[in-house]
Amino acid sequence: MTGLNGDLLADLESRGLVAQMTGENGLADYLKEAPRTLYCGFDPTADSLHIGHLVPLLALRRFQQAGHKPIALVGGATGLIGDPSFKAQERQLNTPDVVAGWVDRLKGQVSRFIDFDCGENSAVVANNLDWFGPMTALEFLRDIGKHFSVNNMIAKESVKQRIDREGSGISFTEFSYSLLQALDFAELYKRHDCTLQLGGSDQWGNITAGIDLARRMHGGAVHGLTMPLVTKADGTKFGKTESGTVWLDPAKTSPYAFYQFWLRTADADVYKFLRYFTFLSLEEIAAIEEADRQGGRPQGQRHLAEQMTELIHGRDGLEAAQRITDALFSGELGDLSEQDLEQLRLDGLPCAELQRSQLAELPLTQIFADVGLASSGKQVKDALGRNAVWVNGVAIGADANMKAGEVFAEPNARAGIYYIVRLGKKSYQMLVVR
RNA sequence: GGUGGGGUUCCCGAGUGGCCAAAGGGAUCAGACUGUAAAUCUGACGCGCAAGCUUCGGUGGUUCGAAUCCACCCCCCACCA
């Protein structure tokens, strides 16, 4: 890590990563003057973080690289309550033991992005259950609640739709959420001299609540910075695919699927995403954009996919993802050796094992739907009818539906047991038939 | 507690006795075109290879036949208290 980098905030702004901040220009000077301690919270709402968490998560790393000390706060307490900010509906509460399990998972994930052994600005992971756990209801109401005005709270934009809107209300539990997050900031200020909170732009209300509380309880002058929510040019939600959320946990979203997700980024988004998510310099990104403008196949998506996959899954994860991608999308399935096929399987190409003896009676629609290549037999049927299904590179028609035995006849296999099934342009599935 | 309005397939939203597996839009999937992009066009879109099977908050009922009519129940919303 280099010394204090005075251009940090300017860099963030140039990347479009600053939505709001306190004191406007004052924060830039504040960060230049000395190394500061900052935090960002992550609530355990699932057993893994997803790519929607990346912007703030990577921001912690950017700050650390610039010489500041990051605290990753995992919300063992706040995760039990549920943040109502800009949510349309009341959340379902999760049980304490489930949340505790998720806290452990998130701690591990978060830890991969920041350095815990780099001297003065080594990172810290905290859990707000440490201070909320021992607190009694009376202490909370007297010591914390007294600092908040309900009049102000109901005026906040983040809960407005829950209060105004017909069809949904807000429970006292969720309404109280911002008090918890506010105390987090005050507490981290007291414990670690933490004077800056980062968050997504939906967190602004919670952050300002924390700034007020830190001042009222401890007389601290602390700051807030929010980053924009990631949006896509076509208006659809970022971070979702047909198969759901893109997780950071390789067991939930394989490095291959992760790589493919980024590779499929729209042109209209790709350079923005490079600025948002990667550590490539703005000059490098501008050069990529310029090169793409010259024509030829765009390289922005490739750079993005490579950078992100390596960042999240490491060099090995990236290489595995690229091995699969190269094998499947080069159109040269025939060149694959048994070792190659076995490697693809290890690399995370979806794979299912079937008994040869069962195949003859089953329609292909059922086989492919069962292994997850399509969500229903209807989809398989549609694809078969359009000659959009290939087994080891050979197109299969609708008339073969009841002829699984022939389709998967042993001579058609690679190394006797391997079949690579492709449905449509981008869905691949390995079948091992014994 | 009273009065009124609602609960339809992933979402929004038509449908008020048969022509309804249910209009239309969105989302999603596939095809064409491309660059594993976007836009556009085409097809699919409850489940099932098919015969057929199961849906319209729930339970009963009326009817040859119900998402549509009746009864009761559950839930939501608005206004009143």
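What you see below is based on every heavy atom in this structure, not just the backbone, and it leaves out hydrogens, waters and symmetry mates. Predicted model only: the values in this text are computed from it and were never measured. By convention in this document, chain letters (A, B, ...) are assigned in the order of the sequence lines, proteins followed by strands, and residues within each chain are numbered from 1.
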- Query: Hey, is the main chain of A:S85 close enough, under 3.5 Å, to the side chain of A:D202 for a donor-acceptor pair?
  - Reply: no
N/O to N/O distances under 3.5 Å, protein versus nucleotides 40-43 of chain B:
from  : atom 1 : to     : atom 2 : distance (Å)
B:G43 : O4'    : A:R386 : NH2    : 3.4
B:G43 : N2     : A:D382 : OD2    : 3.2

- Message: Evaluate A:I288 against A:L280 for side-chain contact (heavy atoms from CB on, under 4.5 Å), listing each step before the verdict.
- Response: CA-CA 10 Å; A:I288 293 167; A:L280 295 174; 4.1 Å; yes
- Task: Output yes when at least one side-chain N/O atom of A:K426 is less than 4.0 Å from OP1 or OP2 of B:C29, else no.
- Result: no
- Just to confirm, is there a sub-4.0 Å distance from OP1 or OP2 of B:U36 to any side-chain nitrogen or oxygen of A:R297? yes
- Item | Identity of whatever pairs with B:A22 - Watson-Crick or G-U, under 3.5 angstrom | none
- Message: Output the rounded distance in Å from CD (A:Q294) to P (B:G35).
- Response: 18 Å
- Query: In whole angstrom, what separates A:L384's CG from B:C49's P?
  - Reply: 10 Å
- Message: I'd like to check the side chain to side chain donor-acceptor pair (under 3.5 Å) partners of A:N152; sequence neighbours left out, ordered by chain and number.
- Response: none
- If pairing requires Watson-Crick or G-U wobble contacts with both distances under 3.5 Å, which nucleotide is the partner of B:A78? B:U3
- Query: What are the two closest heavy atoms between A:Y39 and A:Q181, and how far apart are they?
  - Reply: OH-O, 3.8 Å
- Query: With sugar-phosphate meaning primed atoms plus P, OP1 and OP2, does A:A266 contact a base, only sugar-phosphate, or nothing at under 4.0 Å between heavy atoms?
  - Reply: sugar-phosphate
- Task: Could you check how far CZ of A:F368 sits from C1' of B:A30, rounded to whole Å?
- Result: 15 Å
- Message: For a quick check under 3.5 Å, do A:N412 and A:N392 share a side-chain donor-acceptor pair by atom type?
- Response: no
- Tell me what A:Q366 touches on the nucleic acid: a base, only sugar-phosphate, or nothing, going by heavy atoms under 4.0 Å. sugar-phosphate
- Hunt down the Watson-Crick or G-U wobble partner of B:C41, both distances under 3.5 Å, from any strand shown, or write none. B:G31
- Item | A:R293, CZ atom: more than 12 neighbouring heavy atoms under 6.0 Å | yes
- Qualifying residues under side chain to side chain donor-acceptor pair (under 3.5 Å), relative to A:R356, sequence neighbours excluded: A:Y419
- Rounded to the nearest Å, what distance is computed from the CE atom of residue A:M402 to the P atom of nucleotide B:G48? 14 Å
- Message: Classify A:S376 by what it touches in the nucleic acid, base, sugar-phosphate, or nothing, heavy-atom distance under 4.0 Å.
- Response: sugar-phosphate
- Check the distance between B:A37's P and A:D292's CG and give it to me in whole angstrom. 15 Å
- Query: A:G424 or A:P363: which one's nearest nucleotide on RNA chain B is closer to the 5' end?
  - Reply: A:G424
- Item | A:Q379 CD - B:A30 P separation (whole Å) | 7 Å
- Task: Test the A:R216-A:F148 pair against the cation-pi criterion, namely NZ or CZ under 6.0 angstrom from the six-membered ring centroid and within 45° of the ring axis.
- Result: no
- What about A:K425: does its side chain form a donor-acceptor pair under 3.5 Å with the base of B:G31? no
- Task: Return no unless some side-chain N or O of A:T265 is found under 4.0 Å from OP1 or OP2 of B:A37.
- Result: no
- Message: Output the rounded distance in Å from CG (A:D267) to C1' (B:A38).
- Response: 7 Å
- Item | Watson-Crick or G-U wobble partner of B:C47, both distances under 3.5 Å | B:G52
- Find the distance A:N387:CG to B:G31:C1' and express it as a whole number of Å. 10 Å
- By the Watson-Crick or G-U definition, both distances under 3.5 Å, B:U16 is matched with none
